[in-house]
Undergrad: 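Questions regarding the structure given below will be posed in turn.
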Amino acid sequence: MLTITDLKASVAGNDILKGVNLSVNEGDVHAIMGPNGSGKSTLANVLAGHPAYTVTSGTATYKGENLLDKEPHLRAREGLFLAFQHPVEIPGVTNAYFLKNALNALREHNGEEPVDAVEFRTILEENIRIVGIDNALLKRPVNEGFSGGEKKRNEILQLLVLNPALAILDETDSGLDIDALKIVASGVNHFRADDRAVVVVTHYQRLLNYIEPDFVHVLMDGRIVKSGDRMLAQELEARGYDWIRDELSEGDAA
Amino acid sequence: MTQELEMRFIEQSHQLDTSATSPLSALRAKGLKSFREQGFPNSRMEEWRTTDINPIRNVNLSYLHKIDSPQCDQHALTGAWWRAVLKDLPTVTSWNGHVAANSKHPDVPCVDMRILTDNDHTPATPGAVPGRVAELDEYPFAALNTAFLEQAICVTAAAVADDGETQPALHVAHCVSATDGNPHVHPRLVIHVQPNASLRLIESTCGVTDQPYLVNTVTEIVLEEGASLEHIRIQDDAPGAFSFGNIYVRQEANARYVSFALNMGAAIARNEFLVDLKGEHAECVLNGLYTGSRSQLLDTHSIIRHSVPHCTSSELYKGIMDGDSRGVFRGLIHVLPHAIKTSAYQTSRALLLSKTAKVHAKPQLLIFNDDVKCSHGATVGGLDLDAFFFLQSRGLSPSRARGILTAAFGGEPFRELEFSELTSALTDRLREQYAE
């Protein structure tokens with residue numbers, strides 16, 4: 001579904017990604033872990049097409065096409081979804097209005113009829129239950145005055161309503177208490193399916209207790225330096241990242 | 001300072017009936033005297049420093065004496081998006097500054113509307129006469145309006161008999177049609193809301209012409225104790241027009257004045273508000289939006305005078321400026337020594353959509369006592385790029401995202417408007433307009 005080859009990217013003139021290779025197949029859940037400043041969020045944002053990030057070389061192929069050439073809204077319409085680390089507040093645009101318009105933009109792209117008010121309400125009600133959001137938040141402006149947990153649940157609500165093929169979660173666990181974490185994880189698990197893929201970007205192993213990854217990668221200094229199964233995440237939790245750094249420098253020395 | 005243009009206006013006003021001894025003719029003489037002393041403003045005056053009105057001097061403006069029914073096609077007006085919202089409201093229309101003598105006045109419960117002239121000067125209430133609250137010194141355009149005061153639309157709103165009745169509403173439309181020449185027109189509207197009465201007033205200006213013209217309104221508003229007025233102003237004048245609005249408000253105790261001004265048409269437009277909070281616990285809300293493109297100059301000046309204790313005022317103005325357009329916002333909150341326990345808030349925000357658009361914002365607080373809560377803030381900036389990217393990351397096209405965000409920005413001053421049909425029509429309009 002997604003193949004990233006030797007991807008290099010910079011932000012504000014600083015090289016952050018220094019050659020990332022990653023392959024994600026349908027049905028996979030990948031976790032990308034790494035210390036602060038290793039480039040995890042950059043990778044997520046580059047894939048979604050954030051204009052602040054510049055791809056300097058390398059490729060990313062999504063569903064057989066060059067992803068990096070596409071404008072952000074076209075990436076979204078073709079099924080790529082980024083759950084933001086810091087969801088933005090949009091005063092004056094209600095959550096329900098925004099979601100309905102986003103859903104209809106995707107449907108139009110897929111040659112489907114727009115949802116009417118009744119259909120939309122049905123879709124919403126089904127997914128609101130899963131993420132445990134208060135109905136009133138739908139009538140409020142997007143994320144305005146939401147608590148940290150509400151903002152993250154709102155991201156997962158968008159994920160479920162928009163129903164993409166590839167979900168990239170950028171530190172969705174940051175700032176969540178354990179109850180909110182479980183709800184967010186159950187939303188993601190609900191989303192998980194054989195024809196969909198998930199990339200979970202996280203600093204801590206905690207979220208991975210609830211979203212069990214098939215693969216775990218360690219991103220350090222702009223490169224994926226180690227990959228493994230979920231046992232790797234537990235090892236990182238127990239031992240931190242320094243032992244990987246040590247391993248790497250030994251490798252360099254040898 | 002009298003220049004050629006001033007002379008032309010003065011000569012034209014001399015052609016009005018000076019033999020009349022009516023209250024209106026006395027006001028005209030006063031207005032002419034004041035205009036003769038002031039002339040048109042120039043950019044050496046502090047309040048006009050950023051508002052250059054010299055383009056008016058290049059147009060051969062003339063006064064239309066005849067009070068005819070309009071020759072133009074009224075249907076030409078119905079195209080505007082806001083007209084569709086207002087179409088079922090009781091409406092009185094002035095054409096080129098005059099309400100035709102044969103026009104039928106709308107019948108609105110609790111509302112008495114009269115057209116005062118030299119020949120017919122019997123007001124419904126002593127408060128419903130022109131000249132009570134308009135100030136002419138320092139207001140050259142109000143002086144000019146007064147110099148040409150042949151007619152005044154005077155409205156008195158009385159309290160409804162019981163609470164079950166709905167708030168009366170009235171639309172006063174000032175239209176200009178220039179089949180030949182460049183008219184200058186000076187509509188006068190007087191609103192008197194009696195104790196505990198309430199009224200929704202929509203005042204609009206627009207033109208059915210490609211020719212430049214000058215429309216220069218004076219609106220005088222007296223709100224008696226406990227009275228309430230929702231005043232919506234829509235300025236949608238023709239692209240070449242010069243549009244000036246002078247709004248004077250006097251509020252007695254517990255009176256509430258809520259103004260929503262939409263300034264979008266004309267080449268040069270300026271609204272000047274002067275609100276006098278005369279009675280304790282009076283409340284004033286001045287909100288507005290100006291949307292400029294091309295080389296439009298859209299200006300809002302306001303003075304809110306807190307003369308007595310316990311009054312509240314709040315002001316929220318937003319601008320969306322594109323092309324080479326220029327916005328001016330100057331808001332003065334003046335708190336006099338006795339006006340303790342005053343609350344006054346003012347916010348001015350502008351969104352610049354092009355590199356060449358400009359906004360001059362000048363908030364001013366003049367406070368002469370220590371026991372007040374006052375604040376002001378002004379920002380000028382571009383679209384929130386994080387929000388813009390977020391909407392696109394959910395599949396909305398860049399143009400749609402821009403339309404949604406711009407409408408959300410511009411709609412804020414109107415969000416508390418109880419006339420929700422207008423708010424949603426405005427939001428739809430902004431979403432379309434800026435999704436290009």
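Proteins come first, then strands; the chains are lettered A, B, ... in the order of their sequence lines, and each starts at number 1. As a basis for the values below, the full set of heavy atoms in this structure was taken, side chains included, without hydrogen atoms, waters or symmetry mates.
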Undergrad: Using a 4.5 Å cut-off on heavy atoms from C-beta on, say whether the side chain of Glu71(A) contacts that of Pro398(B).
TA: yes
Undergrad: Determine whether more than 12 heavy atoms belonging to other residues, nucleotides or ligands lie under 6.0 Å from atom CD of Glu119(A).
TA: yes
Undergrad: Atom NZ of residue position Lys362(B) - does it have more than 12 heavy atoms of other residues, nucleotides or ligands inside 6.0 Å?
TA: yes
Undergrad: With a 6.0 Å cut-off (strictly less than), is the heavy-atom count around CG of Asp116(A), excluding the residue itself, greater than 12?
TA: yes
Undergrad: Is there side-chain contact between His109(A) and Ser397(B), with heavy atoms separated by less than 4.5 Å?
TA: no
Undergrad: What's the separation between atom CZ in Arg400(B) and atom CG in Asn104(A), rounded to the nearest 0.5 Å?
TA: 9.5 Å
Undergrad: Tell me, yes or no, whether the heavy-atom count around Gln364(B) atom CD, taken from other residues, nucleotides or ligands under 6.0 Å, exceeds 12.
TA: yes
Undergrad: Could you pull out the closest heavy-atom pair between Leu396(B) and Ala105(A), with the gap in Å?
TA: CD2-CB, 4.1 Å
Undergrad: Assess whether atom CZ of Arg294(B) is packed by more than 12 heavy atoms of other residues, nucleotides or ligands within 6.0 Å.
TA: yes
Undergrad: Within residues 382-395 of chain B, which positions have a heavy-atom distance to chain A below 4.5 Å?
TA: Asp384(B), Asp386(B), Ala387(B), Phe389(B), Phe390(B), Leu391(B), Gln392(B), Ser393(B), Arg394(B), Gly395(B)
